[in-house]
K.L.:
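This is the structure I want to talk about, given as structure tokens.
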Amino acid sequence: MFIIQDQEFGGERPLYKLHDARLERVTIHLGESSIKESGNIDAYDCTFQGKYVFWECRRLLAQNCHFETTARSSLWYSENGRLVDCLVDAPKMFRRMQGIELQNCRFTDAQETMWDCDRVNIQNCEILNADYLCMRTDNIYIDKLHLEGNYAFQYSRNVEIKNSLLNSKDALWDSENVTITDCEINGEYLGW
């Protein structure tokens, strides 16, 4: 695996089509599509500032990374993305993806996050300001989520939520096959 350490990149597509690489303490500055059409990427202790970072990526692990506010829409049209111990300040993360795993992550502005996705696993995460979380997303498994945001899980199928706190107005509208166990849900018009 190719290793890139302690470097900074910016502008348009500086690591375009990068494959089989390990990024350590790398900063991606403002720009677009910095690691687009990539695959088999491990990123540790990295900072992402540019938008559309991992579009069309096949297998990504980001651990202890920071997606700043300007890194909006960083994971779209991709497969098998795993974030562990990450801080995500960027909105509109994850669109039309298959295979998303989030573990011990904190999202501070999760507006329009995880739309049109499939196979989502969320464990021990805090997702805030998350209006329209998981719109049209199927096959969701959640254990220990603290959610603050409205209209969550609309038009979703096969949703299992355990040990969670959901503060979400109008959640689970037009959803199907939903199981909720040992949770607190606060909101209006749930499950219409």
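These numbers come from the heavy atoms of this one structure, side chains and all, not from hydrogens, waters or symmetry mates.
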K.L.:
Before we go on, tell me: are the rings of F48 and F54 under 6.0 Å apart, centre to centre?
P.N.:
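Yes, close enough.
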
K.L.:
Does any part of the side chain of L75, heavy atoms only, come nearer than 4.5 Å to the side chain of L60, both counted from C-beta?
P.N.:
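Heavy-atom side-chain distance check passes, below 4.5 Å.
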
K.L.:
Donor-acceptor pair, W192 side chain versus L172 backbone, under 3.5 Å?
P.N.:
no

K.L.:
Is there a donor-acceptor contact under 3.5 Å from the side chain of S78 to the main chain of W76?
P.N.:
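Yes; judged by distance alone, with no hydrogens or angles, the pair exists.
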
K.L.:
Do the side chain of T179 and the main chain of E160 share a donor and acceptor less than 3.5 angstrom apart?
P.N.:
no

K.L.:
So, for S74 and G50, which heavy atoms are closest and what is the spacing to 0.1 Å?
P.N.:
OG-O, 4.1 Å

K.L.:
Quick one: do the D118 and N139 side chains pair a donor with an acceptor below 3.5 Å?
P.N.:
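Per modelled atom types, D118 and N139 side chains form a pair under 3.5 Å.
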
K.L.:
For the residue pair L83 and E101, establish whether any side-chain heavy-atom pair is separated by less than 4.5 Å.
P.N.:
no

K.L.:
Output yes when a side-chain donor or acceptor of S34 lies under 3.5 Å from a complementary backbone atom of L15, and no otherwise.
P.N.:
no

K.L.:
Any sub-3.5 Å donor-acceptor pair from E184's side-chain atoms to S164's backbone N or O?
P.N.:
no

K.L.:
Any idea how W55 and Y52 line up, ring-wise: parallel (<30°), tilted (30 to 60°), or perpendicular (>60°)?
P.N.:
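The arrangement is tilted - the two ring planes meet at 30° to 60°.
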
K.L.:
Would you give the length of the straight line joining atom CZ of F153 to atom OG1 of T137, rounded to the nearest 0.5 angstrom?
P.N.:
9.0 Å

K.L.:
With distance as the sole test, does S156 use its side chain to make a donor-acceptor pair with the main-chain N or O of C134 at under 3.5 Å?
P.N.:
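Indeed, once roles are kept as given, a pair shorter than 3.5 Å links the two residues.
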
K.L.:
Is any side-chain heavy atom of Y44 closer than 4.5 Å to one of D85?
P.N.:
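When only atoms from C-beta onward are counted, Y44 and D85 do not touch, as no gap falls below 4.5 Å.
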
K.L.:
Check whether the side chains of Q103 and R82 place a donor and an acceptor atom closer than 3.5 Å, and report yes or no.
P.N.:
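The criterion, which ignores hydrogens and geometry beyond distance, is satisfied for R82 and Q103.
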
K.L.:
Is any NZ, NE, NH1 or NH2 atom of the basic residue among R59 and D42 found under 4.0 Å from an Asp or Glu carboxylate oxygen of the other?
P.N.:
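A salt bridge is present here (some side-chain N lies under 4.0 Å from a carboxylate O).
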
K.L.:
With a 3.5 Å distance limit and no angle check, can you tell me whether H19 reaches the backbone of K17 through a side-chain donor-acceptor pair?
P.N.:
yes

K.L.:
Can D45 and R25 be counted as an ion pair, charged N to O under 4.0 angstrom?
P.N.:
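R25 and D45: not salt-bridged.
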
K.L.:
Working to the nearest 0.5 Å, report the span between CE of M97 and CD of E56.
P.N.:
11.5 Å

K.L.:
Distance alone, cut at 3.5 Å: any donor-acceptor contact between the side chains of E37 and Y16?
P.N.:
yes

K.L.:
How long is the gap from SG on C125 to CG on L102, to the nearest 0.5 Å?
P.N.:
5.0 Å

K.L.:
Is there side-chain contact between I161 and L145, with heavy atoms separated by less than 4.5 Å?
P.N.:
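In short, these two side chains do not touch, never coming nearer than 4.5 Å.
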
K.L.:
Quick one, I41 and L18 - any side-chain contact, counting heavy atoms below 4.5 Å?
P.N.:
yes

K.L.:
Cut-off 3.5 Å, side chains only: do N40 and D20 have a donor facing an acceptor?
P.N.:
yes

K.L.:
Can a side-chain donor-acceptor contact be found between E148 and N167 if the only test is distance below 3.5 angstrom?
P.N.:
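Their side chains do contain a donor-acceptor pair, which is all the 3.5 Å distance test asks for.
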
K.L.:
Would you call R136-D116 a salt bridge at under 4.0 Å N-O?
P.N.:
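Salt bridge: yes.
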
K.L.:
Do N121 and I100 have side chains that approach each other closer than 4.5 Å (heavy atoms only, starting at C-beta)?
P.N.:
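No; the side chains remain at least 4.5 Å from each other.
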
K.L.:
With rounding to the nearest 0.5 angstrom, report the CG to CD distance, N104 to Q63.
P.N.:
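Taking CG in N104 and CD in Q63, the distance rounds to 9.5 Å.
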
K.L.:
Give a yes or no answer on whether the side chain of W173 reaches the backbone of Y189 with a donor-acceptor pair at less than 3.5 Å.
P.N.:
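Checked: pair present.
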
K.L.:
Are T69 and D89 linked by a side-chain donor-acceptor pair shorter than 3.5 Å?
P.N.:
no

K.L.:
Determine, stepwise, if the pair M93 / F67 fulfils side-chain contact (heavy atoms from CB on, under 4.5 Å).
P.N.:
CA-CA 10 Å; M93 298 290 282; F67 291 84; 3.8 Å; yes

K.L.:
Go through it in stages, so that I can follow the logic: the residues are N158 and I140, the test is side-chain contact (heavy atoms from CB on, under 4.5 Å), and I'd like the CA-CA distance, side-chain angles, deciding distance and then a yes or no.
P.N.:
CA-CA 6 Å; N158 307 320; I140 302 168; over 6 Å; no

K.L.:
With the side chain counted from C-beta on, respond yes when L147 and L133 share a heavy-atom pair under 4.5 Å apart, and no when they do not.
P.N.:
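With C-beta onward as the side chain, the pair touches.
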
K.L.:
Go through it in stages, so that I can follow the logic: the residues are M114 and V120, the test is side-chain contact (heavy atoms from CB on, under 4.5 Å), and I'd like the CA-CA distance, side-chain angles, deciding distance and then a yes or no.
P.N.:
CA-CA 9 Å; M114 273 183 266; V120 174; 3.6 Å; yes

